[in-house]
Amino acid sequence: MIIYLDGEFLPKEEAKVSVFDHGLLYGDGVFEGIRAYNGRVFRLHEHLDRLYDSAKTIDLDIGMTKEEMAEATLETLRRNDHRDAYIRLVVTRGVGDLGLDPLKCSKPTVFIISAPWGAMYGDLYEKGLKAITVSIRRNAAEALPPNVKSLNYLNNIMAKIEANYKGGDEAIFFDTNGYVAEGSGDNIFVVKNGTIFTPPTMNNLRGITRMVLLEIAEELGIPVKEQNLGFFDLYTADEVLVTGTAAEVAPVTLIDGRKIGTGKPGPVIKQMTAAFSSKTSSEGTE
Ligand code: PLP
């Protein structure tokens with residue numbers, strides 16, 4: 001496996017970062033997860049826009065143009081000769097000494113990993129995921145808004161741990177107002193009486209897959225409402241689905257033990273899944 005690290009392409013064993021890197025010491029950095037399908041990178045520019053917006057919010061100068069980052073990403077994929085891959089872009093504040101002041105770090109650390117990838121949830125795309133609503137809260141008023149994709153993922157990890165203990169495949173977060181926010185690594189959609197509902201993006205990550213699903217709904221003429229949702233909307237939904245770069249479009253058929261709709265992936269999910277896979281197989285940057 002070949003890794004891009006600070007301008008060089010190195011074998012995995014040689015791609016090392018310092019223990020004084022503030023990404024490691026303080027979680028000071030941002031990242032992206034991007035998919036390649038059949039050798040083409042899906043929605044690369046949208047992911048780069050989000051990476052640079054995340055970096056700007058934490059006042060981190062990436063030190064490369066978006067074009068250079070796009071080329072480094074594509075070259076990493078090429079050098080690994082991966083067709084279907086998950087690509088991880090990471091930018092940290094860089095190496096400093098102890099002490100959290102970012103002024104101690106003179107230049108960022110940038111690395112890109114491309115790993116072979118299949119379907120994250122295996123046979124659950126057919127059977128549906130069991131989701132658990134968790135006690136961890138997403139808070140739009142935090143210093144770090146949920147739409148920054150930062151290296152601080154402990155809230156999400158705590159949510160995942162809680163879901164794991166309760167036998168769930170995925171966790172569903174609420175925000176501090178009691179509104180549904182998102183999954184631990186994906187956005188959430190509810191279908192009720194033929195309309196698709198999804199929470200607005202203040203209390204969750206502005207998912208690229210979420211955006212693609214909104215495009216698909218428009219193309220298929222399915223009405224969409226972006227509005228706050230609560231427990232009631234989840235439990236009484238006809239269909240629930242989560243979307244993410246890694247998860248793609250995955251049906252949720254059980255939430256906190258309650259069967260969602262018929263307990264099987266429903267017609268809207270099936271339509272959305274088919275349309276999503278036709279986009280991933282026909283689009284992308286080489
Ligand atoms: N929400 C969180 C917390 C995530 O980590 C992700 C994954 O990137 C998503 C939502 C879905 O976003 P995307 O579709 O851009 O992968």
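In this chain, residues are counted from 1 in sequence order. For ligands, and for the atoms within them, numbers begin at 1 and follow the listed sequence.
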Going by salt bridge (charged side-chain N to carboxylate O under 4.0 Å, His left out), name the residues that satisfy it together with Arg210, two or more places apart in sequence or in a different chain.
Glu226
Find the distance between CD1 (Ile113) and OG1 (Thr76) and round it off to the nearest 0.5 Å.
10.0 Å
Going from CG on Asp53 to CG on Leu48, what distance comes out if it is rounded to the nearest 0.5 angstrom?
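Nearest 0.5 Å value for the CG-CG distance: 11.0 Å.
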Ligand 1: which protein N/O atoms lie under 3.5 Å from its N/O atoms?
residue, atom, partner, partner atom, Å
ligand 1, 1 (N), Glu182, OE1, 2.5
ligand 1, 5 (O), Lys149, NZ, 3.3
ligand 1, 5 (O), Tyr153, OH, 2.4
ligand 1, 8 (O), Lys149, NZ, 2.8
ligand 1, 14 (O), Ile208, N, 3.3
ligand 1, 14 (O), Thr209, N, 2.9
ligand 1, 14 (O), Thr209, OG1, 2.6
ligand 1, 15 (O), Arg50, NH1, 2.8
ligand 1, 15 (O), Arg50, NH2, 2.9
ligand 1, 15 (O), Ile208, N, 2.7
ligand 1, 16 (O), Thr245, N, 2.9
ligand 1, 16 (O), Thr245, OG1, 2.5

State whether the side chain of Glu126 and the backbone N or O of Asp123 hold a donor-acceptor pair below 3.5 Å, judged by distance alone.
no
Judged by atom type as modelled, is there a donor-acceptor pair below 3.5 Å linking the side chain of Tyr125 to the main-chain atoms of Gly128?
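Here the side-chain-to-backbone pair does not exist.
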Check Asp21, Asp97, Asp28 against Lys104 for a salt bridge (charged side-chain N to carboxylate O under 4.0 Å, His left out) and give me the one that passes.
Asp97
